[in-house]
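Convention: sequence-line order gives letters A, B, ...; per-chain numbering from 1.
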Amino acid sequence: MKLGLFLRLAWQNIKKNHQLYIPHILAGTGLTAIFYVMKTLASDERLEKIKGGYAIPSIMMIGIWVVIILSVILVFFTNSFLMKQRTREYGMYNVLGMEKRHVGRIMFLENLISTVISIVTGILSGILVYKLCCLFICKMLHVSTILGFYLDWDSVLKTAGFFAITYLAAFLWNRIRLARLRPVELLASSGVGEREPKTKWLLLLIGLATLGVGYYLALKAETPLEVIKDFFIAVILVIIGTYALFLAGSIALLKLLRRKRGFYYRRTNMIAVSDLLYRMKQNAVGLASIAILATGVLVMISTTVSLYAGTEDSLKDLYMDGAADLFVEAEYVYRDDEEKKTYFYQVPEEDILDMANQVAEKYGTSITKLTAVRNLSENYLLEKDGSTSVYIADSSLSMPPKNAAVLLFMPVEDYRNITGLDVQFGEGEIGWAPLTKNATDLTERVSGTIQLGSKTYKVGKKLSYFPQSMETSVLDVYGILLPDIDALEDVSAQISKELDWYANRVSYTYAVKVADAKKFGENDTEQKSYSEFGELVERYAEATMEGASSHIRWDTSWAMRDEMYAIYGSLFFLGILLSIVFLFATALIIYYKQISEGYDDRGRFQILLKVGMTAKETKATIRRQIVIVFFLPVITAVIHLTVAYPVIRKLLALLMLSNNKLFLLCTALTAVAFTLIYMIIYRLTARTYYRIVR
Amino acid sequence: MSILEVSNLQKIYTTRFGGSKVQALSNVTFSVEKGEYVAIMGESGSGKTTLLNILAALDRPTAGKVMLEGKELSAIKEAEMATFRRENLGFVFQEFNLLDTFSIRDNILLPLVLNGEKPAELEGKLMPIAEELGIADLLNKFPYEVSGGQKQRTAVARALITNPKLILADEPTGALDSKSTDDLLRVFREINAKGQTILMVTHSTKAASHASRVLFIRDGEVFHQIYRGDCTNEQLYQKISDTLTLLTTGGEQR
């Protein structure tokens, strides 16, 4: 009986306050649906079986944590907003003779109704959307689509459980606040004049300092090591700076404007400046949050899209502009225990070709071209008192000498073979190419000559291309072309003598071109060719030399392609899902901001009309303010993105994406798309706002 | 010469679906001379506020006309109305209607800024008025920091700063304590003595007893009027009281 009455009251309240409840429920539904989709993607065993599907669960798990954190924040935000808006109403019940526990019961029932609607519709739409997500993710991973309806009860329960607990916690929080309020306070309208905002100088300084240092770190980071180390710190500093500047900087600026009489006492400026002052006081945190969320969306989408769209480019870089489909390296290792020495024996080229062909034939194709690349890598060149010499160090050395540089050696003959470029050098000359950006000119660095092995060479022509990429190195890296294989062996011998260590031997890598690489891609779906080749080499080693173990490399472009599409495709998909969540958050903050401001502005609007402004003028000034407040976060986000752009580009280079044009394009497109969506949200929410003000 | 002429004013409110009609003003005719201080009295629901809204050009009459200095209000186009009101009329409201985002100074200056006056000239116009009204020390404060009487004086300053032809006051003492009421009425007397025409709507006998003429409205018509003549405030107060008694006990019209 009594419960029925309360239930009816609660339902009526929701209906009466639909302007507040519809967005609340919609946001809840959206969050629940996305949470369910992510949870199911993380546990769908059908996905584990598809090529590259192994990457999806772990990547989705990262996303789930982000959604959990954001959901908790959003649920508490909307609930406290609803509470604030409805305090008067609850106070009225109290005055009309209801006890607080009765009001609490109504509040609980309201929460129960909206929570149940959110969770049920959320999970139902999640189940429906899931199928679409599967289709989409299969497309992105370049695999045949998995069909069929899929329902994961575990995910349903966990999703419902998580949101039920979160909503309950938010309710309890409000219930405690209700219990603490006195009836008079419940009734007291917000009519008490807002205090004039004070300029918080300390906060302003903190904001300027953190933003400045954050930007500086982002712009200064040169080497990849700095990028990784500083980027995270920079992000946190910029977040702090954004909040501080929105809170303190905006008010300081507006107060400065107000002090400029010539500017302030003008028709268009006077009302705008003083109203904005109060708007910023009330909305700074919300606006800063939007700016951060917007930056997050922009960074997430632009990077994941770039990585995904740049997969083919990255593959091209890795596989010598398509000159190779496969890298093979095979040798066997022999240990002479008495002398504690290790010897490496290179497997003859024909035998490697033969073994690789055996594997290739198994997958329906054959090997067409085998190019040997003999090289020596990771020796440090050090400048001492102006003279130069080769300095050898462990490549795992954590702190290399400060002005050291890494040299990679290759005989000119192999260079010609693999690149097809006919480079010529004079007697006693070497060719060189910088492999890191901003590496100093080698000729200047060593003043013309360089001692390598037992000989001194003249530094010759700079090469435009070198078939190895070391963009990610902390030190300067140079590719060096030696005149012939003897020179290479000479350098190797000297290094070995000085170091008595096996690593610095000439290594033989074969770049292999496959007749029909697609066949491999189609037939070797489970990437067995690596172990099959390994077995062949193992057997070969046993047959030719006892007590030797083999050392192989079998690195294929098709396996790499699958891997890249799997990881980048999953990341891209996650980026989309998280962006939707971020957009939900943004829309909700904006919507509630518009509503609460609408009620405040209505009073101001009426006074301005009475004092002698036309309705048109009043509307124009209010619209101008709203537009400023509205686009401030987007502008901030674009500025953040612009500053972060070089760092993100370097981070992407670490992930092997070096197509800057593509990244620039993706970033610009993302920014434009985001602004469009944001404007749509603005249009929709502005309509509600004007309805309130009018 | 009369500054305001109201003739045969009628206002009928129709409810949204055209069902019942409410006659707020049936037939109001009066005029106000330049430099006069007129109080309009009447009970709640007598049509006072409707009359004031029409005089302020915030509302339009169903029939009849209002002439301000020979210009008919209803002939003014909607787009020019705001400018016309800003330049010719000053308003003082019961609820002050100050913008709480503005300092006292900015609240007073607002009409001038809206008129597009040069920033350099503002201070020169502000200071004499602020000093006359005794709020010169409060200019940098905000509405929430000052008392009700000070707020109302700010509103008066805002109404005066454009040198309006007519000041319309709607229950100006309604939200004030007795001391602030006395202060405000003294202020009105002073500005009236300097030649400012004032039309005040009130149901406070005390407020009306400061005026030079009192009009009584009942059921949407001018029921009676009293001229101050040589009366003191106290004598006028007594006359008004008597009239009000007559009004409420249902006397016949004049």
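Of all non-hydrogen atoms in Arg261(A) and Pro119(B), the two that sit nearest each other are O-CB, 3.8 Å. The heavy-atom pair separating Asp106(B) from Met270(A) by the smallest distance is O-CE, 3.2 Å. Between Tyr278(A) and Asp100(B) the shortest heavy-atom distance is OH-O, 3.4 Å.
If you tally non-hydrogen atom pairs under 4.5 Å between each of Lys118(B), Met81(B), Glu123(B) and chain A, the highest count goes to Glu123(B). Options Leu277(A), Ile271(A), Asp275(A), Leu608(A) differ in how many heavy-atom pairs under 4.5 Å they form with chain B, and the most are formed by Ile271(A).
Residue contact with chain A, scored on non-hydrogen atoms closer than 4.5 Å, involves the backbone and the side chain of Leu114(B) alike. Only the side chain of Phe93(B) comes within less than 4.5 Å of a heavy atom in chain A; its backbone stays farther off. When heavy atoms are compared at a cutoff of 4.5 Å, Phe263(A) does not approach chain B at all. Leu112(B) does not touch chain A: none of its heavy atoms, backbone or side chain, sits under 4.5 Å away.
Taking non-hydrogen atoms and a 4.5 Å limit, the residue list of residues 145-163 of chain B in contact with chain A, ordered by number, reads Arg158(B).
Environment of CE in Met679(A): sparse, with no more than 12 heavy atoms of neighbouring residues, nucleotides or ligands closer than 6.0 Å. By the 6.0 Å contact criterion, NZ on Lys16(A) is enclosed, its count of non-hydrogen atoms from other residues, nucleotides or ligands being greater than 12. With a 6.0 Å radius and a threshold of 12 heavy atoms from other residues, nucleotides or ligands, Lys255(A) has its NZ atom above the threshold.
Separation of atoms CZ (Arg267(A)) and CG (Leu110(B)) is listed at 10.5 Å; rounding is to 0.5 Å. For the atom pair CZ (Arg266(A)) and CD (Glu117(B)), the distance works out to 13.0 Å, reported to the nearest 0.5 Å.
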